[in-house]
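Keep in mind it's a predicted model, so treat the numbers as computed, not measured.
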Amino acid sequence: EETIISRIAGCDAYADDRERCADMILFLLAGHDTTAYSLTWALCDLAASPKEQAAVRSALLAVPVDQRPLVPELAAALKESMRLNPVAATGS
């Protein structure tokens, strides 16, 4: 599976490894920050809506662990939380 990091590592456009490492660190830190921001808001939004929280929890418990990322109720809750609390609009 190709990742951003593997693409940076294999890219010949960088002048040197120092520049390549700087970009890797930037992507890792930026991804960590925005992911933490989004997950925090998603948990807050679910906590504020017990009915939706119960629906997502029931849907997650009804499937095997390896299929949980595919649960529509989870995807809907995350998308709605990102719509209500966009990272790009406010920064983190």
Side-chain angles (χ1 to χ4, degrees):
E1 181 177 330
E2 190 171 53
T3 65
I4 291 173
I5 299 301
S6 67
R7 290 189 75 164
I8 292 171
C11 182
D12 295 331
Y14 289 98
D16 56 25
D17 284 341
R18 187 175 184 172
E19 186 180 333
R20 182 178 283 114
C21 286
D23 269 4
M24 286 183 183
I25 291 168
L26 173 71
F27 277 104
L28 287 172
L29 292 176
H32 175 269
D33 193 37
T34 55
T35 300
Y37 180 88
S38 297
L39 286 174
T40 299
W41 274 112
L43 292 172
C44 287
D45 290 339
L46 283 171
S49 180
K51 181 179 173 185
E52 293 303 319
Q53 182 182 24
V56 171
R57 185 174 190 276
S58 294
L60 289 171
L61 292 174
V63 299
V65 173
D66 64 330
Q67 293 179 11
R68 288 182 181 169
L70 306 174
V71 171
E73 292 84 353
L74 177 61
L78 293 174
K79 286 179 183 180
E80 180 63 5
S81 181
M82 288 188 285
R83 184 188 70 81
L84 294 171
N85 312 291
V87 174
T90 59
S92 57

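- Atom CG of residue Asp45 and atom CG of residue Leu84 lie 5.5 Å apart, to the nearest 0.5 angstrom.
- The two residues Tyr37 and Val87 come nearest to each other via the heavy atoms CD2-CG2, 3.1 Å.
- Tracing side-chain contacts under 4.5 Å through hydrophobic residues (I, L, V, M, F, W, Y), one never reaches Trp41 starting from Met82; they form parts of separate clusters.
- When all heavy atoms of Glu73 and Ala59 are compared, the pair lying nearest together is OE1-CB, 3.3 Å.
- Side-chain N or O atoms of Arg68 include none that pairs as donor or acceptor with a backbone N or O of Leu74 at under 3.5 Å.
- Hydrophobic clustering keeps Tyr14 apart from Leu26 (ILVMFWY residues linked when any side-chain heavy atoms are closer than 4.5 Å, directly or through intermediates).
- Heavy atoms only, all atoms of each residue included: Ile8 and Met24 are closest at CG2-CG, 3.8 Å.
- Proximity of a side-chain donor or acceptor of Ser58 to a complementary backbone N or O of Ala54 within less than 3.5 Å is detected.
- Looking at every heavy atom in both residues, Ala47 comes nearest to Pro50 through O-CD, 4.2 Å.
- Hydrophobic cluster membership is shared by Leu78 and Val63, with clusters built from Ile, Leu, Val, Met, Phe, Trp and Tyr side chains linked at under 4.5 angstrom.
- Atom CG in Leu43 sits 11.0 Å away from atom OG in Ser38 (nearest 0.5 Å).
- Note: Asn85 CG to Glu80 CD = 9.0 Å, rounded to the nearest 0.5 Å.
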